[in-house]
Q: 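My structure is below; once you've seen it, I'll send some questions.
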Amino acid sequence: MDFCKGVNIAIVCKVFGFTGASAEVIKIKFEKYGGRAEIYSDKTNLNQISHIIVPSKITENALEKILNKKLSDLKCYIVNEEWAYNTIIKKQVQNPSFYIWSETPSQAQKRKPQTICQVEKLPKLNLNFQSTQNLNYHLTKEIEKLKNLYEVLGDKGRSITYSNIIRSLRLLPFKVENTKQLEGMENFGKKTLNKIKEILEKGTLERLKSFRQNERLQVMESLTQVHGVGNDLAYFLYKKGILTISSLQNYAIINPGEFTKTQLIGIELHNEFSSKISRDEVENISQTIKSQVFAYDKEAFFEICGSYRRGRELCGDVDIVIGTNDTDLLYKVVENCSIITHVLSLSGHKFIGVGKIQDLHRRIDIYCVKPNEFWFAVQLIIIDFYD
DNA sequence: AGGCCGTACTG
DNA sequence: CAGTACG
DNA sequence: GCCT
C-alpha cells in the first residue's frame, strides 16, 4: 500500500507539546505507506517538501521563527498533526484545507476547535501492522540484555545508544546476516558492529558473561525489578548488604520510613506483580473499569492496549486508554472504581496503580486523552517504541 | 568534552 | 530539584 | 557507545 507516494513531509516537533516520539511515529507510518518524511531541522530543504506538519497549538510567529522564513513565501501546505493521523488512519491523504493554517491564526482561534476533525467519523484503526515482527530478534535480545545492564549501572549514555540500536534493528526490513549490511548506519559504530559480529558468530557476547560474574550488577539488576527502585536506590541497598528482594521486603517492614509510599507498595506487592496475567483477567479488570468510565461519559472511547493488544497470551499489566473531553474523568474513575486498591501516581491524564479482581494484585495503567487524540494514543502506546 | 527520547509524577 | 516510571 |  503506498497511498502516501509523492507526499514529502517535514515534521516540526519538540515544541508546543508535540513530542519527538509522536513525530517519529508519523515519520515511520508515512514511510511505510510510500511517502517521504523527515523531522524538520535547519538542514531541511523546504523546496522539496509538500506538507509541513506543525503542532496544532503553534503560533504563526513561532513557526516563522522556527522555519526562519515568512509563511507567505512557503510553497507547501502547512497542516497539523491531526492531518497526519487522519491520513494514516483513513489510509488516504487528507485535504489540507480542512486543517489548521488554511486560515489565519486569529480566525483559527475564534473557530471552535472541534471543527478541525469530526471525532465521530474517525474509523477504528485497522491494526494490521506488525510492529512486533522483528526480523532481528537474534541480535536485539542480546543487545537488550546489555542495555538493561548499563541501565542498572546508571550509564545512561550507553543504554540510550543501545536503545537506538535495538530500535533500528527492529525496524529493519531484512534479517541481518552480515555486519556489512549495517555499515554506515546511524548509531552503528565500530564497537557495535564488532559486537553484532560476535553475536552472529557465537550467539552471545563475552561482555555479557563478565557482567554476569559481577555480584553488584546481579544484585542491582534484581532489585531494580521492584517498582519504585531505580539504580540509585539499588546501589544504596547493595552497599547496605541488602542483596535480595526478600531481604528488601523484610527490611522495608522494619524501616518503612526509609522508603516512599510508591516504593513501599512496589516492595510489598512485588511477588504478585511478577506473575503474568491471563487475557481473561485483563478483560475482566478492563470491563469493570470500562463500566465505571461509561457511567461518567457515555461517549467515551475505551481500549485495552499494551501487551494485551499485541496479542500476548499472558500480559505483564493492564494497559488502558480512554478518550474523553472530561478532564476529571480519570480522577472520578479511580476514586470510585471498586477494584482499584492502590495509586502509585495519578494525574488528569495518567493513572499508574494497582487493582485486584481475583486472587492477585495487578498493575494497571490508564491513559486519558482527548477524543481526537484517541486512536493515535492507542497506537503510540502499543507501538512499543523505546523498549 | 558533553549530550544523549520526551513526559510526568513523587517527595 | 533528583529519582523513578511509562511508553 | 555514538555523535557533534
Side-chain angles (χ1 to χ4, degrees), chain A residues 13-25 27-28 39 41-43 55 131-132 143 146-147 149-168 170 182-196 205 207 220 223-237 256-267 273 305-310 316-321 330-331 334 342-354 363-369 373 376-387:
Chain A
C13 61
K14 299 184 182 175
V15 285
F16 290 85
F18 186 46
T19 66
S22 306
E24 213 160 332
V25 174
K27 177 171 184 287
I28 289 168
I39 309 295
S41 73
D42 44 10
K43 292 177 203 153
S131 81
T132 38
I143 298 178
L146 211 48
K147 187 206 101 181
L149 289 167
Y150 277 119
E151 214 163 57
V152 168
L153 278 174
D155 188 337
K156 251 187 190 154
R158 284 187 176 76
S159 87
I160 287 173
T161 296
Y162 285 126
S163 294
N164 292 336
I165 287 165
I166 291 165
R167 193 178 71 212
S168 306
R170 278 198 191 175
L182 301 172
E183 269 172 26
M185 274 180 63
E186 199 178 11
N187 287 317
F188 288 81
K190 216 170 156 190
K191 301 216 180 166
T192 301
L193 289 178
N194 281 339
K195 288 197 175 61
I196 289 176
L205 284 170
R207 168 67 55 77
M220 286 172 66
L223 294 179
T224 48
Q225 300 307 304
V226 178
H227 186 105
V229 180
N231 56 312
D232 260 48
L233 179 57
Y235 188 42
F236 173 82
L237 293 168
E258 292 185 24
F259 300 90
T260 67
K261 237 172 41 192
T262 309
Q263 285 163 343
L264 287 173
I265 298 169
I267 292 166
F273 290 166
C305 298
S307 39
Y308 176 89
R309 191 156 187 130
R310 281 184 244 122
D317 60 0
V318 182
D319 216 330
I320 287 165
V321 180
L330 191 50
Y331 295 113
V334 169
H342 302 74
V343 177
L344 292 166
S345 89
L346 178 63
S347 72
H349 93 265
K350 184 162 145 191
F351 163 81
I352 293 176
V354 185
R363 282 275 297 99
I364 300 175
D365 292 347
I366 307 175
Y367 296 81
C368 196
V369 300
E373 297 166 352
F376 193 67
V378 167
Q379 223 178 14
L380 198 55
I381 285 163
I382 24 178
I383 201 169
D384 198 5
F385 222 61
Y386 277 104
D387 195 17

Q: Mark yes or no for whether A/E151, through its side chain, and A/S159, through its backbone, hold a donor-acceptor pair below 3.5 Å.
A: no

Q: Between B/dC4 and C/dA2, how far is it from one P atom to the other, in whole Å?
A: 14 Å

Q: For C/dC1 and B/dG3, measure between their P atoms and round to the nearest Å.
A: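 Result for the P pair: 15 Å, nearest Å.
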
Q: CD of A/Q263 versus P of C/dA2: gap in Å, rounded?
A: 17 Å

Q: From CD of A/E258 over to C1' of B/dG11, roughly how many Å is that when rounded to an integer?
A: 15 Å

Q: Could you report the tightest heavy-atom contact between A/C368 and A/G348, atom names first, then the distance?
A: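 Heavy atoms only, the tightest pair is CB-O, 3.8 Å.
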
Q: Would you please confirm or rule out a distance under 4.0 Å between OP1 or OP2 of C/dG7 and any side-chain N or O of A/Y367?
A: no

Q: Distance from A/I364 atom CD1 to A/I366 atom CD1, nearest 0.5 Å?
A: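 Reported value, rounded in 0.5 Å steps: 6.5 Å.
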
Q: Select one nucleotide: of B/dC4, C/dG3, B/dT10, the one nearest the side-chain heavy atoms of A/T262.
A: B/dT10

Q: Which part of the nucleic acid, if any, lies within contact of A/D317, taking any heavy atom under 4.0 Å across all strands shown: a base, the sugar-phosphate backbone alone, or nothing?
A: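 If one applies the 4.0 Å heavy-atom cut-off, A/D317 turns out to touch the sugar-phosphate alone, with no base involved.
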
Q: Can you list, by residue number, the residues of residues 342-350 of chain A that have a non-hydrogen atom closer than 4.0 angstrom to DNA chain B?
A: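 Under 4.0 Å from DNA chain B: A/L344, A/S345, A/L346, A/S347, A/H349.
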
Q: Between B/dC4 atom P and A/N164 atom CG, what is the distance in whole Å?
A: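 Result: 12 Å.
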
Q: To the side chain of A/I160, which of D/dC2, C/dG7, B/dC5 is closest?
A: B/dC5

Q: Do A/L344 and A/R363 come within less than 4.5 Å of each other through their side chains, counting heavy atoms only?
A: yes

Q: Let me know the distance between CD1 of A/I366 and C1' of C/dC6, rounded to the nearest Å.
A: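 Distance, rounded to whole Å: 14 Å.
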
Q: Taking all heavy atoms of A/V152 and all of A/N231, pick out the closest pair and write down the distance.
A: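 Result for this residue pair: O-CB, 3.0 Å.
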
Q: What is the distance, rounded to the nearest whole Å, between atom CD of A/Q225 and atom P of C/dT4?
A: 14 Å

Q: Side chain of A/H227 only, please: which of C/dC6, D/dG1, C/dT4 is the nearest?
A: C/dC6

Q: Kindly indicate whether the side chain of A/R207, heavy atoms from C-beta on, has any atom under 4.5 Å from the side chain of A/L149.
A: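 They are not in contact (no side-chain heavy atoms under 4.5 Å apart), so the answer is no.
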
Q: Report yes if the side chains of A/T192 and A/N187 come closer than 4.5 Å at any heavy-atom pair, otherwise no.
A: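 Not in contact.
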
Q: Is the phosphate of D/dG1 approached by A/R207 (side-chain N or O, under 4.0 Å from OP1 or OP2)?
A: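 It does, given that an N or O in the side chain of A/R207 lies less than 4.0 Å from OP1 or OP2 of D/dG1.
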
Q: Please tell me if A/R363 has a side-chain N or O lying less than 4.0 Å from either OP1 or OP2 of C/dC6.
A: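 A/R363 to C/dC6 OP1/OP2: side-chain N or O found under 4.0 Å.
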
Q: Heavy-atom distance under 4.5 Å between the side chains of A/I265 and A/H227, does that happen here?
A: no

Q: Can you tell me, in whole Å, how much space there is between the P of B/dG6 and that of D/dT4?
A: 16 Å

Q: To the side chain of A/D319, which of C/dG7, C/dC6, D/dG1 is closest?
A: C/dG7

Q: Tell me: CG of A/N231 to C1' of C/dT4, nearest whole Å?
A: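 So the two atoms are 9 Å apart, to the nearest Å.
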
Q: Nearest heavy-atom pair of A/T224 and A/A234: which atoms, and what distance?
A: CG2-CB, 3.8 Å

Q: Would you write the dot-bracket representation of DNA chain C, where each base gets (, ), [, ], | or . depending on whether it forms a Watson-Crick or G-U pair under 3.5 Å and with which partner?
A: |||||||

Q: Check salt bridge (charged side-chain N to carboxylate O under 4.0 Å, His left out) between A/D232 and all other residues, then give those that pass, not counting sequence neighbours.
A: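 A/D232 satisfies salt bridge (charged side-chain N to carboxylate O under 4.0 Å, His left out) with no other residue.
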
Q: Report which part of the nucleic acid A/G157 touches: base, sugar-phosphate, or nothing (heavy-atom distance under 4.0 Å, all strands).
A: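 Here A/G157 touches the bases of the nucleic acid.
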
Q: In whole angstrom, give me the gap between the P atoms of B/dG2 and C/dT4.
A: 25 Å

Q: Under 4.0 Å: is that the gap between some side-chain N or O of A/T192 and OP1 or OP2 of D/dC2?
A: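 Result: yes.
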
Q: How close or far is atom P of D/dG1 from atom CG of A/L146, stated in whole angstroms?
A: 8 Å

Q: Using a heavy-atom cut-off of under 4.0 Å over every strand shown, decide if A/D155 touches base, sugar-phosphate, or nothing.
A: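 No contact.
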
Q: Classify A/K156 by what it touches in the nucleic acid, base, sugar-phosphate, or nothing, heavy-atom distance under 4.0 Å.
A: nothing

Q: Does the side chain of A/I320 reach to within under 4.5 Å of the side chain of A/F351, using non-hydrogen atoms?
A: no

Q: Measure the distance from OH on A/Y162 to P on D/dC3 and round it to the nearest whole Å.
A: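 From A/Y162 OH to D/dC3 P: 12 Å.
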
